[in-house]
Amino acid sequence: MKQTFFVFLVFLAIPSLSLAQDFDLEGEIRDAQNSPLEGAHVHVENSFTLTNAGGYFRIANLPRGTYRMTVTYLGFKSIDTLITMDEDKKMNLRLEEDTSSLTEVVLSSTARRSSSENREVVSQAYIQEQFTGSLAKTLERLPGINSSEIGAGTSKPIIRGLGFNRVAVSENGIKQEGQQWGADHGLEIDAFSVENLEVIKGVGAIEHGSDAIAGVIKIINDRIPMEGFSGEVIALGKTVNNTVAASTNLAYKKDKFFYKIKATGSEFGDYSVPTDNIVYLNFNIPVYNQRLKNTAGKEVDLYGQIGFIDHNYKGTLSLSNVFFKGGFFPGAHGVPSINRVQDDGDQRNIDLPFQQVNHFKLINKNEWFFDKSSLDVILGFQNNHRQEWSRFHTHYAGQTPPATNPDLELDFNLNTFDVQAKYTYNFSPNHTSAIGIQTQIQDNTIGGYNFLLPQYFRAATGIYLTHEYQASNKIKLNIGGRFDYSSIAIEENYDDLLFSYLVNRGQNEVIAARYATRSEEINRDFTNFNLMGGFLYNINSNWDFSANAGTSFRLPTAIELGANGIHHGSFRHEQGDATLDPEKGYVIDTKVNYSNNGFKASVSPYLYYFDNYIFLNPSGVFSVLPHSGQIYKFTQSEAVLTGVELEIEKTFFEKLRTLAVFEYLYNRQVTSSRSRNYPLPFSPPVNGFGEAGYLFMENSKTFNNTEFFINTTFALEQDRIAQTEEITPGYMIFGTGLRTGITAGKFKASLNLQVSNLFNTKYFNHTNFYRALEIPEMGRNIQLMIKIPLNK
């Protein structure tokens with residue numbers, strides 16, 4: 001018995017001793033010309049180091065096991081691979097220069113996946129090449145991504161038909177907080193300053209909290225630049241609205257410090273549409289010279305960053321300011337009037353009505369790397385100041401213009417403070433856990449002669465825990481849970497003048513008081529608990545499959561809880577509901593990838609269920625307020641959403657590149673009354689994108705990576721419409737272009753010339769904010785972008 005027990009102890013001890021053995025990983029990182037790359041970022045799970053001047057790196061004491069290893073360096077393709085540590089290992093790697101083609105955009109389709117998340121990784125080069133006026137619009141060629149656009153420079157991202165406050169956008173870990181509840185409010189981020197971007201669809205709320213119910217767009221702007229001075233200058237011109245824009249990204253790194261300065265300035269005129277008139281609310285409104293009057297605008301964006309990096313620490317302090325001023329088409333703001341849309345002979349002036357937004361942001365991000373763990377601490381402050389200006393107009397007798405700024409219609413000033421901490425620990429090569437806490441405080445004040453959004457104060461705290469388990473070389477599992485507590489205090493707003501007006505018009509005092517209470521005092525507390533789980537199965541070198549399931553949530557906004565007034569951008573009376581609960585979604589998301597010999601394909605079916613989807617419901621009751629129309633109430637209902645995304649890429653003969661993207665989406669409310677089960681608003685129809693590009697002039701010393709391409713975008717008729725929408729006809733538009741690199745001695749540049757809506761087709765996009773106004777999409781556009789790298 002004793003002998004058996006001794007043998008049993010030895011049997012247990014041998015593998016334990018074996019597993020306890022640690023190994024060293026070292027090597028060199030060089031470029032294609034065999035020159036060492038100093039400052040390359042080498043990550044092995046949570047261990048981290050930088051290469052020295054000779055390109056050498058070393059990470060010691062790695063336990064036996066298989067790890068994910070990533071090597072990144074600005075201007076070069078990243079390496080993302082798995083390594084098995086069963087002995088001391090030396091790896092000499094060569095990074096390839098990033099040639100900025102579309103095939104390099106989606107890392108998940110070129111490298112073995114290491115996460116179950118349904119994620120697309122987008123490079124800075126792709127954003128610059130595909131730039132179409134705003135960041136959200138530029139991402140539309142990715143499967144499942146659309147945008148809600150208002151004008152030529154303002155748009156908001158939509159993921160699988162869910163937009164506005166249902167898509168979280170973060171920069172360096174801090175969620176962008178503007179006035180995202182409004183369909184006519186854009187995303188105040190400079191597209192040219194974005195270094196890397198990830199789109200996570202499906203289950204995304206565990207680390208991002210409220211608003212990630214459709215997904216997350218993560219902007220990563222803290223990459224370490226190459227040693228010394230580097231940068232680029234970009235010039236852009238567009239014909240559709242006579243855009244003139246310039247941008248520069250400059251960086252300097254020496255030893256442990258690095259610095260970045262980015263600046264973008266743009267100015268554009270009224271944009272052209274292939275129509276001579278529109279019909280809005282039974283008004284026939286002319287469009288003179290096929291130019292949409294007062295849609296001109298300008299934008300000035302500034303960004304600065306200071307970074308410090310040491311063996312076990314990386315920290316950045318980022319400061320940015322985005323200023324945008326753009327006109328509203330006067331035929332669509334307030335009461336339609338033909339006189340207001342007459343041509344004034346100036347296509348670049350910004351007249352009343354217009355919007356003006358300034359977004360200031362300060363982010364301090366700190367990362368500490370320990371032996372088996374890491375700690376992230378992020379601090380953030382944002383100020384979003386949004387104003388809408390419109391010639392003072394009265395809706396009822398007795399209103400007088402304010403003494404100061406008499407034409408300031410709406411004034412929102414939102415301050416947001418964020419504090420976050422996340423600790424990640426590797427229990428073993430196969431088990432990694434993370435715990436995090438996030439706190440956010442918001443304070444919003446209002447002004448202007450009109451009323452829409454109430455004044456409010458909101459505080460929210462969330463705690464989450466995640467765990468990853470590498471079950472084998474092929475299977476990875478992950479689970480997570482999150483608890484949130486938040487409170488909101490909305491201030492009462494009462495209009496004595498409106499009360500007197502309504503009483504004098506014959507309304508009884510109860511009804512008059514109800515309308516005069518523009519927002520009631522509301523104090524609400526909310527709690528939420530969310531769970532998610534997923535697995536990734538790397539079937540073989542060609543196939544992988546992932547599936548995720550979980551919950552996510554969205555806090556009701558102040559306007560959904562407390563509004564009671566006319567929204568001039570939508571021309572309707574909107575009423576909040578103080579009893580609304582947090583919107584909650586249940587998600588199942590899957591994805592299959594195949595890659596082999598230049599052929600790549602992915603298919604991603606998904607299903608969402610909401611037990612209390614918040615939407616504006618026409619009440620059938622007309623408001624007693626002048627010029628207000630029907631009352632629309634924020635209401636909750638069960639809803640279901642499902643669809644599939646498909647993406648296929650194939651390169652023939654190493655010269656002919658082809659790409660096809662397809663999206664199908666189905667959704668509807670689920671109520672006890674089947675006749676009320678309308679589809680959800682702003683739902684994209686069946687749509688797709690196809691592109692073919694041909695490489696030529698390969699032996700030229702002056703032109704390199706020259707490609708001619710043609711593409712097409714199509715959408716079927718959208719006849720599944722929400723209660724307030726119109727059917728949108730199907731369409732197909734075409735585009736073409738040429739991109740090339742130019743080398744003349746030491747001078748290098750890249751040129752991108754493209755034409756969209758080649759045949760000036762008149763068509764409507766169902767997700768466009770202006771669709772409700774019968775305004776078609778922009779006409780033919782010729783766009784030229786020239787990019788000149790500095791010291792690369």
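Keep in mind that the numbers below use all heavy atoms, side chains included, and drop hydrogens, waters and symmetry copies. We number each residue from 1, following the sequence as shown.
Between Thr248 and Lys262 the shortest side-chain heavy-atom distance does not fall below 4.5 Å. Looking only at side-chain heavy atoms (C-beta outward), Val167 and Ile158 stay at 4.5 Å or farther from each other. Looking only at side-chain heavy atoms (C-beta outward), Phe747 and Ile788 come within less than 4.5 Å of each other. Using a 4.5 Å heavy-atom threshold, the side chains of Leu139 and Ile217 count as touching. The side-chain heavy atoms of Gln783 and Leu236, taken from C-beta on, include a pair separated by under 4.5 Å.
Ring orientation note: the planes of Phe329 and Tyr770 are nearly perpendicular, at an angle over 60° on the 30°/60° scale.
In this structure, a donor-acceptor pair under 3.5 Å is absent between the side chains of Arg780 and Ser756. There is no side-chain donor-acceptor pair under 3.5 Å between Asp270 and Asn241. At a cut-off of 3.5 Å, with distance as the only test, no side-chain donor of Asn221 or Asn172 sits close to an acceptor on the other residue. Side-chain contact annotation: Thr743 with Asn704, donor-acceptor N/O pair under 3.5 Å present. In this model, no donor atom of one side chain and acceptor atom of the other lie less than 3.5 Å apart for Asp351 and Asn294. Looking at Glu140 and Ser147, their side chains do bring a donor and an acceptor atom within 3.5 Å of each other. At a cut-off of 3.5 Å, with distance as the only test, a side-chain donor of Glu725 or His766 sits close to an acceptor on the other residue. A donor-acceptor pair shorter than 3.5 Å can be found between the side chains of Gln305 and Ser318. The closest side-chain donor-acceptor pair between Gln387 and Asn358, if any, does not fall under 3.5 angstrom. Between the side chains of Asn321 and Asp301, no donor N or O sits under 3.5 Å from an acceptor N or O. A donor-acceptor pair shorter than 3.5 Å can be found between the side chains of Glu232 and Gln128. Between the side chains of Asn413 and Asn383, a donor-acceptor pair is found at a separation under 3.5 Å.
Between the side chain of Asn249 and the backbone N or O of Phe192, at least one donor-acceptor pair lies under 3.5 Å. No donor-acceptor pair under 3.5 Å is formed between the side chain of Glu409 and the backbone N or O of Phe392. A donor-acceptor distance shorter than 3.5 angstrom exists from the side chain of Gln382 to the backbone of Lys175, with no hydrogens or angles considered. Within the 3.5 Å criterion, the main-chain N or O of Thr316 finds a donor-acceptor partner in the side chain of Asn364. Judged purely by atom type and a 3.5 angstrom limit, Asn405 has no side-chain atom pairing as donor or acceptor with the backbone of Asp407. When atom types are taken as modelled, the side chain of Thr243 and the backbone of Phe268 share no donor-acceptor pair closer than 3.5 angstrom. Between the side chain of Ser123 and the backbone N or O of Tyr126 there is at least one donor-acceptor pair closer than 3.5 Å. A distance-only check finds a donor-acceptor pair linking the side chain of Thr138 to the backbone of Ser134 [under 3.5 Å]. Using a distance-only test at 3.5 Å, with no hydrogens or angles considered, no donor-acceptor pair links the side chain of Asp346 to the main chain of Asp344. When atom types are taken as modelled, the side chain of Asn705 and the backbone of Thr740 share no donor-acceptor pair closer than 3.5 angstrom.
How far CG of Asn450 is from CD of Glu388: 9.5 Å, rounded to the nearest 0.5 Å. In this structure, the separation between CD on Glu647 and CZ on Arg141 is 12.5 Å, given to the nearest 0.5 Å. Rounding to the nearest 0.5 angstrom, the gap separating the CZ atom in Arg166 from the CZ atom in Phe164 is 8.5 Å. Here CZ of Arg340 is found 11.5 Å from CZ of Phe328. Values are rounded to the nearest 0.5 Å. With rounding to the nearest 0.5 Å, the separation of CG in Asn289 from CD in Gln347 is 7.0 Å. Taking CG from Leu292 and OG1 from Thr275, the interatomic distance works out to 10.0 Å, rounded to the nearest 0.5 Å.
Using a cutoff of 4.0 Å between basic side-chain nitrogens and carboxylate oxygens, Lys325 and Glu267 are not scored as salt-bridged. The pair Glu188-Lys361 does not meet the salt-bridge criterion, since no charged nitrogen lies less than 4.0 angstrom from a carboxylate oxygen. Classification of Glu227 and Lys254 as a salt-bridged pair fails, no side-chain N sitting under 4.0 Å from a carboxylate O. We find that Arg223 and Glu195 are not joined by a salt bridge, their nearest charged nitrogen and carboxylate oxygen being 4.0 Å or further apart. Under a 4.0 Å N-O distance rule, the pair Glu171/Lys218 does not qualify as a salt bridge. One finds a salt bridge joining Asp222 and Lys365 here, because a Lys/Arg side-chain nitrogen approaches an Asp/Glu carboxylate oxygen to under 4.0 Å. A salt bridge links Glu698 with Lys655: the distance from a Lys NZ or Arg NE/NH1/NH2 to an Asp or Glu carboxylate oxygen falls below 4.0 Å.
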### Task
Test side chain to side chain contact (heavy atoms under 4.5 Å, CB included) on Val240 and Asn757 and set out the steps.
CA-CA 10 Å; Val240 73; Asn757 196 4; over 6 Å; no
### Query
Does the side chain to side chain contact (heavy atoms under 4.5 Å, CB included) test come out yes or no for Thr712 and Ile733, once each step is laid out?
CA-CA 6 Å; Thr712 181; Ile733 59 171; 5.9 Å; no
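The six-membered or imidazole ring of Phe258 lies away from that of Tyr252, with a centre-to-centre distance of 6.0 Å or more. The ring of Tyr694 has its center no closer than 6.0 angstrom to the ring center of Phe709. For Tyr449 and His393, the distance between ring centers is under 6.0 angstrom.
Looking at every heavy atom in both residues, Leu352 comes nearest to Ser390 through CD2-N, 4.0 Å. For the pair Ile446 and Phe412, the tightest heavy-atom approach, listed with the atom from each and the gap, is CG2-CD2, 3.9 Å. Shown here for Pro157 and Leu187, the closest heavy-atom pair between the two residues is CD-CD2, 4.2 Å. Here the closest non-hydrogen pair linking Glu120 and Pro143 is OE2-CG, 3.6 Å.
Surrounding CZ of Arg391 are at most 12 heavy atoms belonging to other residues, nucleotides or ligands under 6.0 Å away. At most 12 non-hydrogen atoms from other residues, nucleotides or ligands lie less than 6.0 angstrom from CD1 of Ile306. Heavy-atom contacts from other residues, nucleotides or ligands closer than 6.0 Å to CG of Leu656 number more than 12.
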